[in-house]
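Below: one structure, written as structure tokens.
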Amino acid sequence: MPQLPDAPQVCPSLMSADALRLGEQVSALIDAGARVLHVDVMDGRFVPNLMLGTETTRGVASLARPAGALVDVHLMVERPGDAIGWFAPHADMISVHVEADPHPHQLLGEIRAAGCLAGLAINPGTPLESVAPLLERVDYVNCMGVNPGFSGQSFIPETLGRLAALRDLLPDRVALQVDGGIGPANAADARAYGADLVVSASAIFGADDPVAAYRDLVERVASA
Ligand code: DX5
Ligand code: ZN
């Protein structure tokens with residue numbers, strides 16, 4: 001089974017990368033130390049957008065794996081059970097939304113059986129208690145800081161309190177991820193409130209120098 005890095009991580013979310021320069025940008029971030037690469041998968045139904053697919057994920061894995069970096073696939077799709085098998089060969093971590101399927105318990109087992117760390121993602125409006133019955137089968141929880149679908153949205157401030165409450169709820173072995181609305185202004189707060197895996201798209205790829213923006217977030221998270 002893949003192992004998460006011990007130290008907190010900034011996880012570049014590739015949906016905001018320059019699609020025509022994706023390999024170059026991913027390689028530069030790996031060279032700068034990125035060890036968890038976040039791939040958003042959207043079906044236009046669970047969320048109102050269409051995003052990255054298996055071939056992009058395969059390409060990212062071909063760059064990540066030789067460097068020991070993990071590919072983290074965030075499934076924002078209806079019927080995520082179908083997609084687990086499509087993405088697992090190119091993924092090290094897969095998260096499914098607790099809202100997306102009536103049988104998350106089963107899906108988490110399928111993710112682990114496919115050799116990936118199992119993540120449970122929860123939308124901002126979903127009660128935190130929904131993760132409690134599933135914890136035995138979870139390796140990380142993705143606490144959304146926005147309603148998923150688009151990068152560049154404003155961080156929902158109540159997320160910080162949700163992170164702290166989740167950290168109390170989760171066993172130590174379960175990593176806590178925050179995803180959406182993270183940038184220089186709040187990356188340290190997200191870490192201070194309990195996040196181990198800090199996802200960021202537009203704050204990295206919207207910058208003139210994505211590597212410099214990534215390094216800046218790493219410093220802020222490390223100093224929190
Ligand atoms: C949100 C996605 C995020 C997104 C974050 O729908 O799940 O991973 O890429 O984008 P930013 O960091 O720009 O909010
Ligand atoms: Zn995401």
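All values reported here derive from a predicted model rather than from experimental measurement. Note that the numbering runs from 1 along the sequence shown for the chain.
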Legend entry - Distance-only donor-acceptor check, side chains Tyr140 and Asp72, under 3.5 Å: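 Short answer, yes.
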
Inset, instruction - Determine whether the side chains of Ser16 and Ser151 contain a donor N or O and an acceptor N or O closer than 3.5 Å. - result: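 A donor-acceptor contact under 3.5 Å links the two side chains.
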
Inset, instruction - For Leu134 and Arg137, run side-chain contact (heavy atoms from CB on, under 4.5 Å): C-alpha distance rounded to whole Å, both residues' side-chain angles, the deciding distance at 0.1 Å, then the answer. - result: CA-CA 6 Å; Leu134 301 162; Arg137 293 187 173 225; 5.6 Å; no

Are [X] and [Y] joined in one hydrophobic group, where the rule is that I, L, V, M, F, W and Y side chains link up if heavy atoms are under 4.5 Å apart?
| X | Y | answer |
| --- | --- | --- |
| Val47 | Val39 | yes |
| Leu163 | Leu217 | yes |
| Met93 | Leu170 | no |
| Val198 | Val71 | yes |
| Leu120 | Ile94 | yes |

Identify the two heavy atoms, one from [X] and one from [Y], that lie closest to each other, and give their separation to 0.1 Å.
| X | Y | result |
| --- | --- | --- |
| Arg162 | Thr126 | NH2-O, 2.9 Å |
| Pro66 | Ala61 | CD-O, 4.1 Å |
| Ser130 | Pro127 | OG-O, 2.7 Å |
| Ala188 | Ala224 | O-CB, 3.3 Å |
| Val146 | Gly181 | CG1-N, 3.8 Å |
| Ala69 | Leu37 | CB-CD1, 4.5 Å |

Inset, instruction - Not counting sequence neighbours, which residues clear side chain to side chain donor-acceptor pair (under 3.5 Å) with Ser13? List them please. - result: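 If we apply the side chain to side chain donor-acceptor pair (under 3.5 Å) test to Ser13, skipping adjacent residues, the hits are Asp40.
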
Inset, instruction - With sequence neighbours left out, write down each residue that passes side chain to side chain donor-acceptor pair (under 3.5 Å) with Asp92, or none if nothing qualifies. - result: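 Expected list: Arg65.
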
Inset, instruction - Please say whether more than 12 non-hydrogen atoms of neighbouring residues, nucleotides or ligands are located less than 6.0 Å from OH in Tyr193. - result: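 12 or below, so no.
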
Inset, instruction - Using a cut-off of 6.0 Å, state whether more than 12 heavy atoms not belonging to Asp6 lie near its atom CG. - result: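 Check fails, neighbour count at 12 or below.
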
Flag the pair [X] / [Y] as yes when at least one side-chain heavy-atom distance between them is below 4.5 Å, and no otherwise.
| X | Y | value |
| --- | --- | --- |
| Val199 | Asn142 | no |
| Leu176 | Leu197 | no |
| Asp216 | Pro184 | yes |
| Val41 | Val73 | yes |
| Phe205 | Leu14 | yes |
| Asp196 | Arg167 | yes |
| Val138 | Leu108 | yes |
| Met15 | Met42 | yes |

Inset, instruction - Take Val96 and Asp101 through the side-chain contact (heavy atoms from CB on, under 4.5 Å) test and state the conclusion after the steps. - result: CA-CA 9 Å; Val96 290; Asp101 192 284; over 6 Å; no

Legend entry - Parallel, tilted or perpendicular, as decided by the 30° and 60° cut-offs, for the rings of His74 and His97: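 The rings of His97 and His74 lie parallel, inter-plane angle below 30°.
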
State the [atom1]-[atom2] distance between [X] and [Y], to the nearest 0.5 angstrom.
| X | Y | atom1 | atom2 | answer |
| --- | --- | --- | --- | --- |
| His38 | Leu70 | NE2 | CG | 13.5 Å |
| Phe150 | Asn49 | CZ | CG | 4.5 Å |
| Asp82 | Phe87 | CG | CZ | 11.5 Å |
| Gln106 | Ile84 | CD | CD1 | 9.0 Å |
| His90 | Arg58 | NE2 | CZ | 4.0 Å |
| Ile182 | Ser200 | CD1 | OG | 7.5 Å |

Could you pull out every donor-acceptor pair under 3.5 Å between side chains of residues 19-33 and any protein atom, sequence neighbours left out?
residue, atom, partner, partner atom, Å
Arg21, NE, Glu24, OE2, 3.3
Arg21, NH2, Glu24, OE2, 2.8
Gln25, OE1, Asp18, N, 2.9
Ser27, OG, Gly23, O, 3.0

Between [X] (side chain) and [Y] (backbone), is there a donor-acceptor pair under 3.5 Å?
| X | Y | result |
| --- | --- | --- |
| Asn186 | Gly183 | yes |
| Arg79 | Ala83 | no |
| Asp43 | Phe46 | yes |
| Thr57 | Gly53 | yes |
| Asp209 | Ala212 | yes |
| Gln153 | Asn147 | yes |

Legend entry - Asp139/Arg112 ion pair, N-O < 4.0 Å: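 Salt bridge flag = yes for Arg112 with Asp139.
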
Legend entry - Thr159 and Cys143: CA distance, side-chain angles, deciding distance, side-chain contact (heavy atoms from CB on, under 4.5 Å) verdict: CA-CA 8 Å; Thr159 306; Cys143 178; 4.0 Å; yes

Legend entry - Intermediate values then yes/no, side-chain contact (heavy atoms from CB on, under 4.5 Å), Arg191 and Arg220: CA-CA 9 Å; Arg191 172 63 189 147; Arg220 290 173 193 273; over 6 Å; no

